[in-house]
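This report concerns only the one structure given below.
A, B, ... follow the sequence lines: proteins, then strands. Residue 1 opens every chain.
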Amino acid sequence: MNFWLVKQEPSAYSWEQFVQDKGTYWNGVRNYQARNNLQAMKKGDLVLFYHSVVGKEIMGIAKVTRESYPDPTAEEGNWVVVDLKPAKAFNKTVTLEEIKNNSKLKDIALIKQSRLSVMPLKATEFKILLQMGDTPYSGV
DNA sequence: GCCAACGTTGGC
DNA sequence: GCCAACGTTGGC
(Lines give C-alpha, C1' and ligand atoms only; values in the text may rest on other atoms or scores of the structure.)
Protein backbone atom coordinates (compact mmCIF):
# COMPACT_ATOMS: atom_id res chain seq x y z
CA MET A 1 0.00 0.00 0.00
CA ASN A 2 1.11 3.52 -0.72
CA PHE A 3 0.41 6.74 1.09
CA TRP A 4 -0.36 10.18 -0.30
CA LEU A 5 -1.35 13.68 0.62
CA VAL A 6 -3.64 15.94 -1.37
CA LYS A 7 -4.12 19.64 -0.87
CA GLN A 8 -7.22 21.64 -1.40
CA GLU A 9 -8.32 25.11 -0.46
CA PRO A 10 -11.35 24.68 1.80
CA SER A 11 -13.04 27.58 0.03
CA ALA A 12 -12.93 25.46 -3.14
CA TYR A 13 -13.70 22.03 -1.67
CA SER A 14 -13.49 21.40 2.03
CA TRP A 15 -13.08 18.22 4.05
CA GLU A 16 -16.51 18.89 5.53
CA GLN A 17 -18.02 18.96 2.05
CA PHE A 18 -16.10 15.81 1.18
CA VAL A 19 -17.55 14.02 4.21
CA GLN A 20 -21.03 15.29 3.42
CA ASP A 21 -20.66 14.05 -0.17
CA LYS A 22 -19.35 10.69 1.10
CA GLY A 23 -16.64 10.95 -1.57
CA THR A 24 -15.72 12.66 -4.78
CA TYR A 25 -13.61 12.39 -7.89
CA TRP A 26 -10.42 14.38 -7.50
CA ASN A 27 -10.65 16.63 -10.53
CA GLY A 28 -8.92 19.77 -11.67
CA VAL A 29 -5.29 18.71 -11.33
CA ARG A 30 -3.37 20.48 -14.10
CA ASN A 31 0.21 19.82 -13.15
CA TYR A 32 2.22 16.98 -14.61
CA GLN A 33 3.92 15.90 -11.43
CA ALA A 34 0.64 15.88 -9.54
CA ARG A 35 -0.98 13.97 -12.39
CA ASN A 36 1.75 11.34 -12.32
CA ASN A 37 1.10 10.89 -8.63
CA LEU A 38 -2.62 10.47 -9.25
CA GLN A 39 -1.86 7.85 -11.88
CA ALA A 40 0.30 5.94 -9.42
CA MET A 41 -2.47 5.64 -6.83
CA LYS A 42 -3.90 2.17 -6.31
CA LYS A 43 -7.29 1.19 -4.99
CA GLY A 44 -7.08 1.02 -1.21
CA ASP A 45 -4.22 3.50 -0.88
CA LEU A 46 -4.65 6.01 1.92
CA VAL A 47 -4.60 9.75 1.30
CA LEU A 48 -4.36 12.55 3.81
CA PHE A 49 -6.56 15.56 3.09
CA TYR A 50 -4.87 18.91 3.73
CA HIS A 51 -6.51 22.33 3.80
CA SER A 52 -4.24 24.88 2.15
CA VAL A 53 -4.36 28.68 2.57
CA VAL A 54 -7.20 28.60 5.11
CA GLY A 55 -6.48 26.44 8.14
CA LYS A 56 -3.27 24.94 6.77
CA GLU A 57 -3.95 21.65 8.52
CA ILE A 58 -4.52 17.99 7.82
CA MET A 59 -8.17 17.15 8.31
CA GLY A 60 -8.36 13.40 7.94
CA ILE A 61 -7.83 10.23 5.96
CA ALA A 62 -9.36 9.38 2.61
CA LYS A 63 -9.19 6.13 0.68
CA VAL A 64 -8.75 5.55 -3.04
CA THR A 65 -11.87 3.76 -4.31
CA ARG A 66 -11.15 3.95 -8.04
CA GLU A 67 -7.82 4.21 -9.81
CA SER A 68 -7.07 6.94 -12.34
CA TYR A 69 -9.34 7.57 -15.31
CA PRO A 70 -9.68 10.57 -17.67
CA ASP A 71 -10.75 13.83 -16.01
CA PRO A 72 -14.24 14.59 -17.35
CA THR A 73 -13.73 18.27 -16.57
CA ALA A 74 -10.64 18.57 -18.80
CA GLU A 75 -11.39 20.15 -22.15
CA GLU A 76 -8.07 19.11 -23.56
CA GLY A 77 -4.98 17.25 -22.51
CA ASN A 78 -4.28 13.96 -20.86
CA TRP A 79 -5.50 14.70 -17.34
CA VAL A 80 -6.84 12.18 -14.90
CA VAL A 81 -8.86 11.87 -11.70
CA VAL A 82 -9.20 9.23 -8.99
CA ASP A 83 -12.19 8.53 -6.79
CA LEU A 84 -11.73 9.17 -3.08
CA LYS A 85 -13.99 8.58 -0.12
CA PRO A 86 -13.60 9.68 3.49
CA ALA A 87 -12.07 6.99 5.69
CA LYS A 88 -11.59 8.70 9.06
CA ALA A 89 -11.51 12.24 10.35
CA PHE A 90 -8.53 13.17 12.47
CA ASN A 91 -9.42 13.47 16.15
CA LYS A 92 -7.01 16.37 16.21
CA THR A 93 -6.10 18.26 13.05
CA VAL A 94 -2.38 18.55 12.36
CA THR A 95 -1.22 22.01 11.40
CA LEU A 96 1.53 22.97 9.02
CA GLU A 97 3.34 24.59 11.95
CA GLU A 98 3.37 21.31 13.88
CA ILE A 99 4.65 19.49 10.81
CA LYS A 100 7.42 22.05 10.37
CA ASN A 101 8.37 21.72 14.02
CA ASN A 102 8.75 17.95 13.80
CA SER A 103 12.31 17.12 12.80
CA LYS A 104 11.21 13.68 11.58
CA LEU A 105 9.09 15.39 8.94
CA LYS A 106 11.65 17.85 7.64
CA ASP A 107 11.87 16.09 4.27
CA ILE A 108 8.13 15.87 3.71
CA ALA A 109 7.08 17.03 0.24
CA LEU A 110 4.47 19.32 1.78
CA ILE A 111 7.30 21.52 3.04
CA LYS A 112 9.93 20.88 0.38
CA GLN A 113 7.61 21.37 -2.56
CA SER A 114 4.99 23.68 -1.27
CA ARG A 115 3.26 24.16 -4.59
CA LEU A 116 2.65 20.51 -5.39
CA SER A 117 -0.98 19.51 -4.79
CA VAL A 118 -0.73 15.71 -4.93
CA MET A 119 2.32 14.12 -3.32
CA PRO A 120 3.54 10.78 -2.02
CA LEU A 121 4.19 10.20 1.67
CA LYS A 122 6.59 7.67 3.12
CA ALA A 123 4.97 5.05 5.35
CA THR A 124 6.94 6.42 8.29
CA GLU A 125 5.72 9.95 7.59
CA PHE A 126 2.15 8.73 7.32
CA LYS A 127 2.37 6.93 10.66
CA ILE A 128 3.87 9.95 12.40
CA LEU A 129 1.10 12.15 11.05
CA LEU A 130 -1.55 9.70 12.29
CA GLN A 131 0.04 9.82 15.73
CA MET A 132 0.11 13.60 15.67
CA GLY A 133 -3.55 13.51 14.66
CA ASP A 134 -4.31 11.23 17.61
CA THR A 135 -6.00 8.93 15.15
CA PRO A 136 -5.28 5.21 15.12
CA TYR A 137 -6.27 3.52 11.89
CA SER A 138 -6.54 -0.21 11.55
CA GLY A 139 -4.51 -1.81 8.83
CA VAL A 140 -1.67 0.72 8.88
C1' DG B 1 16.95 24.63 -27.13
C1' DC B 2 17.56 28.70 -24.33
C1' DC B 3 15.80 32.06 -21.48
C1' DA B 4 13.05 36.19 -20.30
C1' DA B 5 8.50 37.30 -19.21
C1' DC B 6 4.56 36.11 -17.15
C1' DG B 7 1.08 33.55 -14.34
C1' DT B 8 -0.12 30.75 -10.32
C1' DT B 9 0.30 28.82 -5.82
C1' DG B 10 0.49 29.26 -1.18
C1' DG B 11 2.95 30.74 3.08
C1' DC B 12 3.67 34.71 5.73
C1' DG C 1 -0.98 42.38 0.15
C1' DC C 2 3.59 40.79 -0.67
C1' DC C 3 6.79 37.78 -2.44
C1' DA C 4 9.40 33.37 -3.23
C1' DA C 5 9.15 29.31 -5.79
C1' DC C 6 8.27 27.29 -9.78
C1' DG C 7 5.68 26.00 -13.98
C1' DT C 8 4.44 27.63 -18.65
C1' DT C 9 4.73 30.34 -22.77
C1' DG C 10 6.71 32.37 -26.64
C1' DG C 11 10.37 34.93 -29.11
C1' DC C 12 14.71 34.22 -30.94
Side-chain angles (χ1 to χ4, degrees):
Chain A
M1 187 191 303
N2 289 307
F3 303 98
W4 310 90
L5 183 146
V6 295
K7 299 201 301 199
Q8 185 61 262
E9 292 192 31
S11 60
Y13 191 77
S14 67
W15 167 260
E16 290 79 9
Q17 185 69 48
F18 180 55
V19 169
Q20 195 179 316
D21 291 347
K22 298 184 170 59
T24 191
Y25 62 105
W26 204 257
N27 67 295
V29 169
R30 295 293 181 270
N31 168 285
Y32 289 107
Q33 201 177 348
R35 185 201 66 185
N36 291 344
N37 290 330
L38 283 181
Q39 285 176 326
M41 287 186 187
K42 297 294 181 191
K43 191 172 177 180
D45 281 359
L46 297 178
V47 182
L48 296 180
F49 192 122
Y50 173 81
H51 274 176
S52 62
V53 183
V54 179
K56 286 175 280 185
E57 56 192 356
I58 296 173
M59 303 301 291
I61 309 166
K63 186 179 252 187
V64 178
T65 55
R66 184 178 171 191
E67 293 175 15
S68 66
Y69 57 99
D71 185 343
T73 68
E75 293 182 5
E76 59 177 16
N78 179 26
W79 303 110
V80 301
V81 297
V82 296
D83 286 356
L84 299 177
K85 73 167 186 185
K88 196 168 189 182
F90 270 16
N91 291 312
K92 178 188 163 305
T93 61
V94 176
T95 64
L96 182 64
E97 188 180 8
E98 290 173 274
I99 293 167
K100 283 186 160 177
N101 286 337
N102 189 324
S103 60
K104 290 176 185 162
L105 298 175
K106 65 178 166 48
D107 291 329
I108 196 172
L110 185 66
I111 296 170
K112 286 209 148 183
Q113 247 187 303
S114 66
R115 291 187 52 195
L116 188 60
S117 62
V118 181
M119 64 194 74
L121 290 176
K122 299 188 191 92
T124 51
E125 293 168 344
F126 187 84
K127 285 176 187 169
I128 291 167
L129 289 167
L130 286 199
Q131 284 170 15
M132 291 167 75
D134 193 22
T135 305
Y137 188 76
S138 59
V140 177

Interface limits on DNA chain B, where chain A has a heavy atom under 4.0 Å of a nucleotide atom: B:dG7 to B:dC12

Residue pairs fulfilling ring-ring contact (aromatic ring centres under 6.0 Å, His included) with at least one residue in residues 45-84 of chain A, sequence neighbours excluded: A:Trp15-A:Phe49, A:Phe18-A:Phe49, A:Trp26-A:Phe49, A:Tyr32-A:Trp79, A:Phe49-A:His51

Side-chain H-bond candidate by donor/acceptor type, A:Gln17 with A:Asp21, under 3.5 Å: yes

A:Lys88, NZ: over 12 other non-hydrogen atoms inside 6.0 angstrom: yes

Intra- and inter-strand pairs of DNA chain B in dot-bracket (Watson-Crick or G-U wobble, both distances under 3.5 Å; | for another strand): ||||||||||||

Side-chain H-bond candidate by donor/acceptor type, A:Glu98 with A:Thr95, under 3.5 Å: yes

A:Asn27 side chain to A:Tyr13 side chain, donor-acceptor N/O pair below 3.5 angstrom: no

Residues A:Trp4 and A:Asp45: side-chain donor-acceptor under 3.5 angstrom: yes

A:Glu67 versus A:Gln39, side-chain donor and acceptor atoms under 3.5 Å: no

